[in-house]
Amino acid sequence: MQSFQPPRRVLMGPGPSDVSPRVLAALARPTIGHLDPEFQKLMEEIKTALQRLFNAPDHACVPLPAPGTAGMEAAIMNLLEPGDRAVVAVNGAFGGRMADMAGRAGATVVTVDHEWGQPVDADRVAAALAEAPTKVLAFVHAETSTGVRSDAATLCGLARKHGALSIVDCVTSLGGISVDAAAWDADIVYSGTQKCLSAPPGLSPIAISKRAQAAITGRKEKVRNWLLDFNLLMSYWGGEGGRTYHHTAPINALYGLHESLVVLFEEGVQASTVRHARTHEALVAGLEAAGLKMLVDEKHRLPQLNTVIVPDGIDEAAVRAHALKTWDLELGAGLGPLKGKVWRIGLMGASATPWHVRLCLTALCEALAAQGLKVDTSAVLAASDARLAG
Ligand SMILES: *Cc1c(COP(=O)(O)O)cnc(C)c1O
């Protein structure tokens with residue numbers, strides 16, 4: 001065997017995003033014991049920082065030791081018991097994954113299905129909640145498979161009105177657009193490190209409300225998975241000094257998350273969302289100047305995940321292959337019904353900069369020209385630059 005040397009890449013797909021040298025350096029610091037008092041201080045700092053980032057001062061916030069999907073699984077397996085009714089809004093791949101998990105938890109699952117590319121329809125969700133007593137409403141805030149933002153405040157409000165607990169997937173939203181667990185009055189909100197936090201994949205920050213905690217401690221039967229059982233987990237991540245061994249925290253990965261939070265707060269959470277919005281506008285201005293069209297209506301677009309319709313006669317995969325080979329640039333493909341029909345361009349965290357926008361537009365224009373589509377690269381870049389200057 002030989003040491004693995006990854007190629008240099010620029011990551012503009014649906015995640016992971018570029019990881020900054022600061023975060024990479026933090027990951028390489030010496031490993032210490034997970035019960036070391038210095039490590040426990042780090043754990044406390046991360047909990048407090050996550051409460052601040054989710055705006056969840058009254059929620060229990062911890063990073064789960066596995067990628068974003070673990071947050072989803074923890075939320076669903078902790079809240080749902082066999083026979084409970086769950087309403088799951090499905091407007092893309094991740095809503096579908098939530099519905100699958102809720103079924104595995106033994107719940108009676110009612111899905112509210114949407115065409116891919118549409119936001120969750122609050123009226124239809126309200127109708128599903130009104131049909132029968134419901135334990136959980138689950139939905140995705142930022143659907144990465146389509147690039148659509150749904151109205152989390154309204155949907156969490158509906159859950160409250162109907163006596164249901166809300167689960168909000170914020171894997172792609174956190175750090176890129178506003179996430180506000182307190183204002184939404186959301187019960188479980190979870191995210192991942194590899195999207196707009198720009199740390200490597202492998203951790204899932206989660207916030208759990210007092211209401212949700214009471215529902216979990218009051219369960220009739222034990223949570224069916226052990227690692228993510230909130231009752232056991234909090235004996236480890238709970239109050240300072242009272243820690244008992246549960247699992248061994250991914251120590252160096254937590255150094256990385258901690259550094260990514262330091263970086264985010266240095267910039268300012270609000271400033272970061274403004275940066276995502278501005279780079280998104282610059283990208284779209286360039287794409288439109290190239291004659292390309294966006295899948296999602298302007299008012300529902302996510303700045304951090306841009307879904308671009310592949311023009312007729314263009315080989316979708318060949319464009320991505322060209323970008324990777326010639327520019328070391330990773331772009332995302334479509335999933336499910338959008339496979340072969342769209343590109344997904346991520347502007348997440350450290351990948352949301354004017355430099356990334358220019359690189360992506362240049363590579364796209366070149367790849368389209370290679371397939372015979374006429375595009376004026378300098379006009380495309382000028383349109384994008386003008387939007388950033390404006
Ligand atoms: C990426 C993503 C997930 C899953 O996160 P992993 O880190 O891949 O496990 C879940 N939900 C949404 C909306 C995502 O974008």
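Throughout, numbering of the chain's residues begins at 1 and tracks the sequence. In listed order, ligands and their atoms are each counted from 1. Remember, it's a predicted structure, so these values are computed and weren't measured experimentally.
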Show the atoms of ligand 1 that are less than 4.0 angstrom away from any heavy atom in [X].
X      : answer
Lys195 : 1 (C), 2 (C), 3 (C), 14 (C), 15 (O)
Gly68  : 5 (O), 6 (P), 7 (O), 9 (O)
Val140 : 13 (C)
Thr144 : 12 (C), 13 (C), 14 (C), 15 (O)
Ala142 : 13 (C)
Pro67  : 6 (P), 7 (O), 9 (O)

#### Entry: Between CD on residue Gln194 and OG on residue Ser17, distance to nearest 0.5 Å
7.5 Å

### Query
When you measure from atom 8 (O) of ligand 1 to every protein heavy atom, which one gives the shortest distance, and what is it?
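For atom 8 (O) of ligand 1, the nearest protein heavy atom comes out as Gln194 NE2, 3.2 Å.
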
## Note on the structure
Residue, atom and distance of the protein heavy atom nearest atom 3 (C) of ligand 1 read Phe94 CE2, 3.4 Å

### Message
If you take the nearest heavy atom of each of Thr146, Thr69, Asp169, which one is closest to atom 11 (N) of ligand 1?
### Response
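Residue with the shortest heavy-atom distance to the ligand atom: Asp169.
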
Are [X] and [Y] close enough for a salt bridge, meaning some N to O gap below 4.0 Å?
X      : Y      : value
Glu281 : Arg278 : no
Arg358 : Asp385 : yes
Glu266 : Arg22  : yes
Glu316 : Arg320 : yes

### Task
Would you please indicate yes or no on a ring centroid separation below 6.0 angstrom for His247 and Tyr236?
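Centroid separation for Tyr236 and His247: below 6.0 Å.
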
### Task
Check step by step if side-chain contact (heavy atoms from CB on, under 4.5 Å) holds for Leu292 and Leu368.
CA-CA 11 Å; Leu292 296 168; Leu368 291 171; 4.1 Å; yes

### Residue-ligand contact Glu143/ligand 1, heavy atom below 4.0 Å
no

### Message
Would you say Thr307 and Thr146 are linked by a side-chain donor-acceptor pair, where the criterion is simply a distance under 3.5 Å?
### Response
no

### Message
I want to know if ligand 1 touches Thr172 in the polar sense, i.e. an N/O pair below 3.5 angstrom.
### Response
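N/O-N/O distance below 3.5 Å exists for this pair.
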
